[in-house]
Asker: 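Pasting a structure below so you can have a look.
Residue numbers run from 1 in the order of the sequence given.
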Amino acid sequence: MRKYILFFICSLFMMFNPVKLQAQGKSKKNVTSVSKVNFEKIKFNPFVKKGQKETVALMVSYPDIFPIGFSKDGCFAYITCKGVDGRGGSDVVFTIIDLVTDDIPKKTVYQTEYSSGLDAVKEFIKAEGNAVDEALKETSIEIMNCTWKDFPINHKGKKISVQIEKQDTGKKMYDFLTLLNYEVTAFNEDGGKKILARKTEQICEDIYVCGYFENPFEQRIAVIIGEEKIGFEGAHEIDYEITGCNLNVWK
């Protein structure tokens, strides 16, 4: 009799708590639309997180990064949001980058009056969410939790680091904006190295390696570079650039 009572109670529990049970099982579905993403949870700033905030004088603008996900063939989708001095409000930029070639098949810039990065992104998703979902579908990008990590990487028992070599061209734009040449280079403990990105006469005062995101589908990472620039009325700000690195291929 006691067994029948227990069975009856368990049946009632399952009947009235299906959501809770499903959340604990393997049948829980992945997020398939950016409208369902909790942007408050994924928002972060790798530059400030790395502890470099104190090193840059007069820094007033730190863009937020909202990583969206990866594809199995090396594409990475993310959103950045940065306040715009002078004009006010924020620029929300949705980008898909091919980490194999560093080509950018999709980039959308959305201007909003919100100064808060989170509010600005929410407005962007409300207005452009369907187009973002379509772009993710076209590039086979899966929405997922992306964890920011710092260098060096321990890959197959070997450390991999990324460094920047910069050169002042001696040139100025408008007599006060510095033009730099720089290379982003990856090194491994076996003496291997490869150039990930090279830029010439880039308008920036300094460059920083801020960390990386790792593609869970393959041994490839998205390296985050911070370019320090002079913005409105001389205030300094950071712009993020991303470049790809295959952890298994070395020249």
Side-chain angles (χ1 to χ4, degrees), residues 43-67 76 78-99 101-117 120-121 124 148 150-151 161-186 195-213 222-245:
K43 166 189 171 183
F44 74 101
N45 189 308
F47 190 86
V48 175
K49 196 177 182 76
K50 190 174 172 61
Q52 292 176 309
K53 184 175 181 179
E54 308 300 328
T55 67
V56 184
L58 303 177
M59 189 74 65
V60 296
S61 181
Y62 299 89
D64 296 312
I65 291 184
F66 301 82
F76 175 55
Y78 64 99
I79 292 173
T80 59
C81 183
K82 182 177 73 171
V84 181
D85 296 322
R87 188 200 77 196
S90 301
D91 279 349
V92 179
V93 183
F94 167 67
T95 306
I96 293 177
I97 181 171
D98 184 337
L99 297 174
T101 63
D102 281 352
D103 291 335
I104 297 177
K106 181 69 176 181
K107 187 171 186 176
T108 302
V109 180
Y110 183 86
Q111 296 181 346
T112 170
E113 294 181 357
Y114 282 110
S115 57
S116 161
V121 170
F124 166 70
W148 173 87
D150 198 4
F151 289 102
S161 60
V162 171
Q163 299 176 15
I164 292 176
E165 183 178 343
K166 57 190 176 185
Q167 177 186 32
D168 192 338
T169 63
K171 301 177 182 178
K172 297 284 186 181
M173 181 173 285
Y174 308 123
D175 296 326
F176 71 96
L177 296 177
T178 303
L179 298 178
L180 294 181
N181 298 336
Y182 74 85
E183 290 182 348
V184 182
T185 307
I195 296 173
L196 305 180
R198 180 186 286 118
K199 292 196 176 184
T200 58
E201 297 192 356
Q202 190 75 358
I203 302 175
C204 54
E205 303 301 306
D206 212 340
I207 308 101
Y208 308 88
V209 178
C210 299
Y212 67 94
F213 297 107
V223 182
I224 310 166
I225 305 299
E227 294 183 349
E228 178 191 348
K229 300 183 178 184
I230 297 178
F232 183 72
E233 294 184 348
H236 288 214
E237 59 189 23
I238 288 289
D239 278 346
Y240 292 122
E241 297 289 334
I242 290 183
T243 185
C245 175

Asker: Would a distance-only check, ignoring hydrogens and angles, find a side-chain to backbone donor-acceptor pair under 3.5 Å from D102 to I97?
Answerer: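 Between the backbone of I97 and the side chain of D102 there is no qualifying donor-acceptor contact (under 3.5 Å).
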Asker: Considering residues at least two apart in sequence or located in another chain, which fulfil the salt bridge (Lys or Arg N to Asp or Glu O under 4.0 Å) criterion with E165?
Answerer: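 E165 satisfies salt bridge (Lys or Arg N to Asp or Glu O under 4.0 Å) with no other residue.
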Asker: Closest heavy-atom contact between F76 and A222?
Answerer: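 Taking F76 first and A222 second, the nearest heavy atoms are CD2-CB, 3.9 Å.
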Asker: Could you tell me whether the side chain of W148 and the main chain of P67 form a donor-acceptor pair under 3.5 Å?
Answerer: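 No; judged by distance alone, with no hydrogens or angles, the pair does not exist.
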Asker: For residues I242 and I225, determine if any side-chain heavy atom of one lies less than 4.5 Å from a side-chain heavy atom of the other.
Answerer: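 I242 vs I225: side chains apart.
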Asker: Just verifying a value: how many Å separate T243 OG1 and I195 CD1, rounded to the nearest 0.5 Å?
Answerer: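 Nearest 0.5 Å value for the OG1-CD1 distance: 11.0 Å.
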Asker: About how many Å separate NZ of K166 and CD1 of I207, when rounded to the nearest 0.5 Å?
Answerer: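 Result: 5.5 Å between the selected atoms.
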Asker: Once you round to the nearest 0.5 Å, how far does NZ of K82 lie from CD1 of I238?
Answerer: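 Answer for the NZ-CD1 pair, K82 versus I238, is 9.0 Å.
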Asker: Checking T108 now: which residues fulfil side chain to side chain contact (heavy atoms under 4.5 Å, CB included) with it, not counting sequence neighbours?
Answerer: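 Result, side chain to side chain contact (heavy atoms under 4.5 Å, CB included) vs T108: F94, K106, F124.
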Asker: Only counting residues at least two apart or in another chain, list the ones meeting salt bridge (Lys or Arg N to Asp or Glu O under 4.0 Å) with K107.
Answerer: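 With neighbours one apart ignored, the set is empty.
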Asker: Can you name the residues that form a ring-ring contact (aromatic ring centres under 6.0 Å, His included) with F66, not counting sequence neighbours?
Answerer: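 So F66 forms a ring-ring contact (aromatic ring centres under 6.0 Å, His included) with F39.
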Asker: How far does SG of C204 sit from CD of E228, to the nearest 0.5 angstrom?
Answerer: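 The distance works out to 8.5 Å.
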Asker: Do F213 and I65 have side chains that approach each other closer than 4.5 Å (heavy atoms only, starting at C-beta)?
Answerer: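 With C-beta onward as the side chain, the pair touches.
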Asker: What pairs with K172 under salt bridge (Lys or Arg N to Asp or Glu O under 4.0 Å), at least two apart in sequence or on another chain?
Answerer: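 By the salt bridge (Lys or Arg N to Asp or Glu O under 4.0 Å) rule, K172 matches no residue at all.
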Asker: Quick one: OG1 on T200 to CG on L180, what's the gap to the nearest 0.5 Å?
Answerer: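 The distance works out to 11.0 Å.
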Asker: What's the shortest heavy-atom distance between Y212 and D150, and which atoms?
Answerer: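 Taking Y212 first and D150 second, the nearest heavy atoms are CE2-O, 3.4 Å.
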Asker: Taking salt bridge (Lys or Arg N to Asp or Glu O under 4.0 Å) as the test, write out the residues that go with K199, two or more places apart.
Answerer: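 Result, salt bridge (Lys or Arg N to Asp or Glu O under 4.0 Å) vs K199: E227, E241.
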Asker: Give me the atom names and distance for the closest heavy-atom approach of V162 to L196.
Answerer: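 In terms of heavy atoms, the two residues are closest at CG2-CD1, 4.3 Å.
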Asker: I need the single residue from E201, Q202, E205 that forms a side chain to side chain donor-acceptor pair (under 3.5 Å) with T178. Which is it?
Answerer: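 Between T178 and the candidates, side chain to side chain donor-acceptor pair (under 3.5 Å) is satisfied uniquely by E205.
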Asker: Thinking salt bridges, do R198 and E183 make one under a 4.0 Å N-O criterion?
Answerer: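 The answer is yes: the pair qualifies as a salt bridge.
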Asker: So how far is it from Y182 OH to T169 OG1, rounded to the nearest 0.5 Å?
Answerer: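 Answer for the OH-OG1 pair, Y182 versus T169, is 13.5 Å.
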Asker: Can you name the nearest heavy-atom pair linking Y240 to G226, along with the distance?
Answerer: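 For Y240 versus G226, the nearest heavy atoms are CD2-CA, 4.1 Å.
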Asker: Hey, is the main chain of P63 close enough, under 3.5 Å, to the side chain of T80 for a donor-acceptor pair?
Answerer: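 Looks like no, no N/O pair under 3.5 Å.
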